[in-house]
Peer 1: 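This structure is in structure tokens; I'll ask about it shortly.
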Amino acid sequence: MTVRMFFAADIHGNTMVWRKWLNAVNVYKANVIILAGDLTGKAVVPIFDKGNSYEAEVMGKKYTAKSKDELEALKERIENISYYYIVLTPQEAQEIAADPKKQEKLFEQVMTERLRKWLDLLTEKVDLKNVTAIVMPGNDDERYIDETIKSYEDRGVIYPLDKTVEITYGYKIISHEYVNPTPWNTPREAPEDKLEKILRDKIEKSGEKEFSKVLFNFHCPPYDTKLDLAPKLDKNLKPVYVGGKPLMVHVGSKAVRKLEEEYQPLMGLHGHIHESYASDKIGRTIVVNPGSEYTEGLLRGFIIEFEPDGLKNYWKIEG
Amino acid sequence: MGSEEAPTLFVRRASGLVRTIGPFTAFMIVFTHTVGGGIHKLAVIASYSSPGAFIPYSFLVTGLLAGLTTAFVYAVMGSMMPRTGGDYIFITRGLSPALGFIASWGFWFTEVLSFGIIAWYSIDFFATALTAGGIALKSTEWLNTAQWVASAEAHWILGILFVFIFSVIALFGMRVYGWLINILGTLAIIGCITNLIILAGWGFAPGASVAGWNRIYGPGAYEKIVQKAFQMSDNPAFPVASFSWSDTMRAGIGAIWAYIGITAAVYVGGELKTPTTSLLIAQVLGTILIMAYYITLPFLVYSAWVVPQDVLQKVGAMPVLQKLGVPPDRVYFTALYQFLMNQLGPAEVAKLLGVPQNMLMPGGVVVTYTVALLPHELAWFQVLNATLVGIVLLKDIPAFFVVCSRMIFAWAFDRFFPEVFAAVNARFHSPHWAIVLVLIGGIAGVLLNVVSGEWLASVDTTMLYQFAVMCGALAAAVLPYLRADLYEKSPLKVEIAKVPLLSIIGAFAFAVNFYFLIVAGSWLNIEKDLVMQSAWMGIGAYIFLGFLIYNQKRGIDVKTIYTEIPPA
């Protein structure tokens, strides 16, 4: 029997994309589903409680909700553009704006709430006795979300960062969420030399000696592949075009590349660079990055099929 | 509190600084940073150091051409990029990262050095205040205390104490520090107003200055000063000359120095509640008000302390004036007194007047010429004026502290300085390590002044300020073309002949600041100023280059750092 894995990443708080990822089990008949990092979003929209109505500004447009149904529709609108929401008074919003600690607490609250909602959906909609579901944070996720994921392990959700996950036919997944430094100083970054040490330690600790059935599930893609190409931006943050095409530059990790060259795992599963929806090869190792278009509500992923004696097939999907 | 004031979006990963500064405190940051020792010395010493100049014109011309235009473009740029770090942010994002860092590094040097020196020199103002009070109250104790305060020992003890106290308070964040700035600023404004009231109220009465001076130092004391000075008219430093526009323009560099600080509010851009409103009020309206004071104060000093013609005739000065071709209304007592203090020394001047040396008031401080105008029955007003003006220089320190610490914070936030300096205290929302570094810089400023025998204070750093504002103005001029995405957020999008007004005013401010940069450069002491400034800028260049290589080695896309506006 073929084992079918569905691999996606970088959905950044978009509930619509999470739902699509859950549906992959039915649509693509997946036995293993992986959401490999960058689960959380970047902004919270305050919905102002005006007594008999609610007001919010979403992407520069003002919305008013006059009934409960309209309020729920407004919340859904915000959720589907990857933002969080909070219902409060203007005074409360000002108090939060004036206190970074309150802002941090607000983000912790809305992020963990949404993740719980997502994980509840996962445990309800997917038969976790027969489907392996792996959910992990990425470089852009705060530390507190790890505990939220771990709290669902007793219901079958797998948090892969503290263990090597074994799936059918002896295939093993070693996972890590850190990336090489970015301009944005995200929560989980490490310089290349440190990153190499962390990853090497993790690989060594897994006890694996033979890597033909091992998958490196590292959020960061390897340097100088089709997976790590980001558009070069000009001073106006607009892509630089050469000959009508955007000029791309490599921004992946040299440490990840070095280790994949050295250990030659069966596959490298990566994310992080949204624009690089691609697969490539490093020696014998096949590396993939599903990319991301979460802002459009699109799910991108790779379907990967394993046989007992090796990789059967893999291909991109978009939905 | 209406919903229109509430935020419509919370974004992750903020700097940790909080928007707590309103327009009034923003104005006070500008006022307290700008109006200090400069004007209150220049208003009286300009007649001595630039006898051909009429300093109110210097303040008017530099204020209109350089001050107001620079303050305006900085306000517009600051409202487009309301982030802590001020011109470092908008030069690095709008013009060139290297230029932005170097310009900011140079300005930081003038700031951190200055506030240690300000702490040192504020002691002089207090010594003057105590002397004035001692004379007014006929108190030997006050006069003796003034003597101790004027000593080198008191200077370094009190200087370090002031720097330390203001640093510790800075750690409590802008809510507390804002109050401190507001209180000190308000006291200083009252001090400024008392100057104007005294000079306008008592200075215009015929013979008021003669009577006032003689009331303090005895009958004929005023005439003795004038007579002695004219006896030394062959001395090359004799400060009597006809009015000259070129001298007035050259004196403008001193005026420019006195305007340093009119852009101070942009450095706390990430802590302003309403950046556009606050910057326009603090920097544009603030500059207009400061300009009005800067023109009025020296004008009143000149008017009150012009030597009356009957005195000139009495001491036989007319033939000298005729020989020099100088009209009699160009002879100022402020210049003559300063001339004698410098040429003869205080001991000789005291001997000339027949008073103990501790009764002499310094020649280069405005208080000397305000308290002298007040009658004895208003001794309380003399003491009040002297004390409040004493606070005028001291009150500079918190504003300098804020500007210095926020510059360090901004470099560190961009990872072009050790990142620890971008740390913000969670309780007080203050960049505590940046503040500690500025504290060390301030104490170093005081100690270096002790060690170098005030050599450090004489280093002219105006050029470094000119370089920074020149780059800031150039960034404004080119921003609409190089960073259209940022220009979209500009509160000023008016165009004249299809050229953005921001570019026109920015280009004008750049040209004027470039002119004053050249003037300041021509005044530099090669051995002292140029060596020190070049060395400092060289260190800055190495730091920038070092962090550039380090960041690139770490795999950080430096270009993106300098393309994006950092989170508030």
Side-chain angles (χ1 to χ4, degrees), chain A residues 40-46 48 50 55-60 62 83-84 86 88-94 96-101 103-104 106-107 110-111 140 142 179-187 189-193 195 223 230 232-238 249 251-255, chain B residues 1-20 93-97 174-175 271 273 412-415 419 422 424-429 478-479 481-488 550-568:
Chain A
T40 51
K42 297 170 191 292
V44 181
V45 177
F48 297 122
K50 298 280 191 173
E55 286 177 9
E57 194 177 309
V58 186
M59 309 291 263
K62 283 193 175 165
Y83 285 177
Y84 301 98
I86 176 138
L88 36 55
T89 64
Q91 170 123 19
E92 286 167 337
Q94 284 198 323
I96 292 169
D99 187 344
K101 258 193 173 174
Q103 282 181 49
E104 268 176 40
L106 169 66
F107 273 100
V110 293
M111 283 173 176
D140 214 14
E142 301 292 346
V179 299
N180 52 321
T182 72
W184 300 280
N185 223 350
T186 56
E189 296 180 3
E192 291 283 11
D193 54 344
L195 184 59
Y223 179 74
K232 188 175 179 170
L233 302 176
D234 67 8
K235 277 198 146 193
N236 292 326
L237 292 173
K238 302 242 163 68
V249 286
V251 293
S253 163
K254 289 175 182 167
Chain B
M1 240 181 253
S3 65
E4 63 277 8
E5 293 171 359
T8 54
L9 192 71
F10 293 110
V11 182
R12 264 173 86 189
R13 249 168 259 131
S15 65
L17 298 171
V18 181
R19 293 194 180 278
T20 53
R93 270 64 179 178
L95 189 61
S96 149
M174 278 311 293
R175 278 187 216 279
E271 292 160 88
K273 281 185 198 163
F413 200 86
D414 277 350
R415 287 180 277 179
E419 285 175 58
V424 173
N425 181 280
R427 184 164 174 202
F428 300 112
H429 318 306
V478 300
L479 188 109
Y481 302 101
L482 297 183
R483 290 297 305 265
D485 59 320
L486 294 177
Y487 182 59
E488 274 172 23
Y550 174 61
N551 283 328
Q552 282 179 338
K553 220 172 155 189
R554 287 197 291 172
I556 296 172
D557 178 8
V558 171
K559 205 175 166 200
T560 304
I561 290 181
Y562 280 125
T563 303
E564 295 207 329
I565 304 302

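FYI, side chains are in, hydrogens and waters are out, and symmetry mates aren't considered; it's all heavy atoms of this structure. Note that this is a predicted model, so its numbers are computed, not measured. In what follows, chains carry the letters A, B, and so on, assigned in the order in which the sequence lines appear, proteins first and then strands, with residues in each chain numbered from 1.
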Peer 1: Any idea which of A:Pro191, A:Ala93, A:Ala190, A:Ala56 has the most non-hydrogen atom pairs under 4.5 angstrom with chain B?
Peer 2: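 Of the options given, most contacts go to A:Ala93.
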
Peer 1: How long is the gap from CD1 on A:Ile96 to CZ on B:Phe10, to the nearest 0.5 Å?
Peer 2: 4.5 Å

Peer 1: Using heavy-atom distances under 4.5 Å, tell me whether A:Glu104 contacts chain B through its side chain, its backbone, both, or neither.
Peer 2: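 Answer is neither: A:Glu104 stays 4.5 Å or more from chain B.
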
Peer 1: Measure A:Tyr223 against the heavy atoms of chain B and call it side chain, backbone, both or neither at under 4.5 Å.
Peer 2: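 Contact with chain B: none, neither part.
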
